[in-house]
Amino acid sequence: MKAQPPASHFIDGEYVEDIDGTAFDSIYPATGEVIARLHAATPGIVEKAIAAAKRAQPEWAAMSPTARGRILKRAAEIMRERNRELSELETLDTGKPIQETIVADPTSGADAFEFFGGVAAAALNGDYIPLGGDFAFTKRVPLGVCVGIGAWNYPQQIACWKGAPALVAGNAMVFKPSENTPLGALKIAEILHEAGLPKGLYNVIQGDRTTGPLLVNHKDVAKVSLTGSVETGRKVAGAAAAQLKHVTMELGGKSPLIVFDDADLESAIGGAMLGNFYSTGQVCSNGTRVFVQKGIKDKFLSRLKERTEKIVIGDPMDEATQLGPMVSRAQLDKVFSYIEKGKAEGATLLTGGGIPNSVPSEGTYIQPTVFADVTDEMTIAREEIFGPVMCVLDFEREDEVIARANGSEFGLSAGVFTSDLTRAHRVVDQLEAGTLWINTYNLAPVEVPFGGSKQSGFGRENSLAALNHYTELKSVYVAMGKVESPY
Ligand code: NAD
């Protein structure tokens with residue numbers, strides 16, 4: 001098989017198999033071909049991974065941040081050297097076009113290792129607090145064993161975005177990738193060890209929604225960071241709360257992208273397309289509710305249709321391909337069901353909505369799809385579709401569009417296109433979201449905190465902010481004189 005790893009799990013510095021675990025196939029979404037067969041973790045494998053992490057963590061935490069950071073930076077270098085190989089694996093794992101994976105997936109993972117490796121020496125310092133003779137100081141200490149649970153849209157990036165801050169802060173990690181994309185995280189574990197990571201600190205185990213709870217409920221786990229749907233987030237946060245564990249929740253969205261009539265039209269259309277069709281629409285922060293001011297509606301829609309119909313769909317390994325298949329048949333069926341709902345509820349299908357011509361019949365392909373005349377109440381404007389389906393809604397006034405943009409249970413992201421910078425700032429100030437863009441969309445460099453508000457989650461990935469979510473503060477009061485006691 002094309003991408004068969006040496007074994008299903010990577011624990012304590014080596015590949016480990018346990019064929020008692022339920023077997024499952026990894027499928028290349030472009031052709032339906034089975035590319036690897038793996039086994040979900042048994043409870044014994046889960047124990048083994050957590051025990052290895054628990055054993056290895058204290059010694060790692062005792063190293064200097066500089067020494068830990070050096071290993072992460074070496075891992076970043078290896079990832080960059082092997083960018084093509086890793087990008088091809090990511091394409092096999094997800095079906096995303098190589099044109100994307102080569103610039104967005106391992107490179108973004110490497111950025112995380114490089115950034116956190118680089119800031120380690122300075123960012124984990126504590127404070128000195130003068131108290132007039134006495135003083136106090138704070139220490140930022142690791143949490144212990146952290147669990148990362150990933151979604152299937154950015155498997156390598158998610159494995160690194162969680163692993164890098166966790167490790168550099170002195171924690172150990174057990175990572176469970178999505179059952180749809182089990183391959184990338186194993187390679188990340190391999191590379192970290194090649195870079196010098198002591199064994200036991202970054203472990204990968206396979207499994208699905210029945211495996212996740214074994215990790216989340218384990219008494220030796222101090223923190224859980226999930227990237228997934230709101231529904232899963234509620235379950236995982238609930239289970240973690242029962243044992244008062246730390247959590248980071250990177251969940252779904254239905255983000256608004258607002259285009260005012262003074263915007264640079266081609267940029268706004270480009271932003272809306274990137275924010276709906278990149279990764280075949282399987283991006284949590286996508287701006288799937290595109291609010292267009294009435295004065296430019298016709299121009300916007302006609303250019304959008306023209307540009308969308310030129311998107312090159314096909315073999316993800318062909319560098320000319322711009323849109324690959326959806327990750328799985330189940331996800332494809334879900335997206336088609338939303339397209340049917342959109343039509344039934346009266347939205348105008350501007351383009352797409354079907355299966356593209358000349359793609360393999362076993363491939364899970366779908367045309368990039370745009371609905372116009374969408375209204376706030378329609379199902380396609382309220383629920384996360386997680387596919388290449390853009391909804392265009394009209395608006396007239398600024399206050400009206402802000403209220404409508406905020407009228408969602410989600411709050412992951414939002415974007416504004418306008419040439420009036422004062423208005424841009426006024427609007428972003430009022431939008432209820434964690435990650436916002438002005439005159440662009442979906443850029444998520446490692447220097448900038450990324451995460452959501454409302455039902456889209458809490459905690460932040462990337463930037464120095466992420467380190468706060470993988471450490472806790474210890475405050476130490478130091479008395480310089482004798483104890484004054486009334487007793
Ligand atoms: P999902 O919620 O079905 O699964 C996510 C992960 O959680 C998988 O690894 C799954 O096996 C695991 N899981 C499921 N039930 C669990 C449970 N009860 N306990 C522990 N683990 C459990 O999500 P998905 O379909 O893989 O991914 C798509 C979703 O992820 C979308 O909603 C998308 O918006 C969201 N997402 C969010 C971000 C972000 O950063 N905010 C990024 C990517 C994807």
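The residues of the chain are indexed from 1 along the displayed sequence. Indexing begins at 1, ligand by ligand and atom by atom, following the structure's order.
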Report summary line: Contact set, ligand 1, heavy-atom distance under 4.0 Å, ordered by chain/number, equals I149, G150, A151, W152, N153, K176, P177, S178, E179, D208, R209, G212, P213, L226, T227, G228, S229, T232, K235, V236, E250, L251, G252, C284, E384, F386, L412, F450
Query raised in the report: Got a sec, which pairs hit salt bridge (Lys or Arg N to Asp or Glu O under 4.0 Å) with one end in residues 171-187, sequence neighbours left out?
Result: K176-E179, K187-E190
Query raised in the report: What pairs with D105 under salt bridge (charged side-chain N to carboxylate O under 4.0 Å, His left out), at least two apart in sequence or on another chain?
Result: K96
Query raised in the report: Crowded around K454 NZ? As in, over 12 foreign heavy atoms under 6.0 Å?
Result: yes
**Report entry** Under 3.5 Å: donor-acceptor pair, side chain of N203, backbone of M173
**Finding:** yes
Query raised in the report: In terms of the angle between their ring planes, are F175 and Y202 parallel, tilted or perpendicular, with boundaries placed at 30° and 60°?
Result: parallel
Query raised in the report: Got a sec, which residues hit salt bridge (charged side-chain N to carboxylate O under 4.0 Å, His left out) with K48, two or more places apart in sequence or on another chain?
Result: none
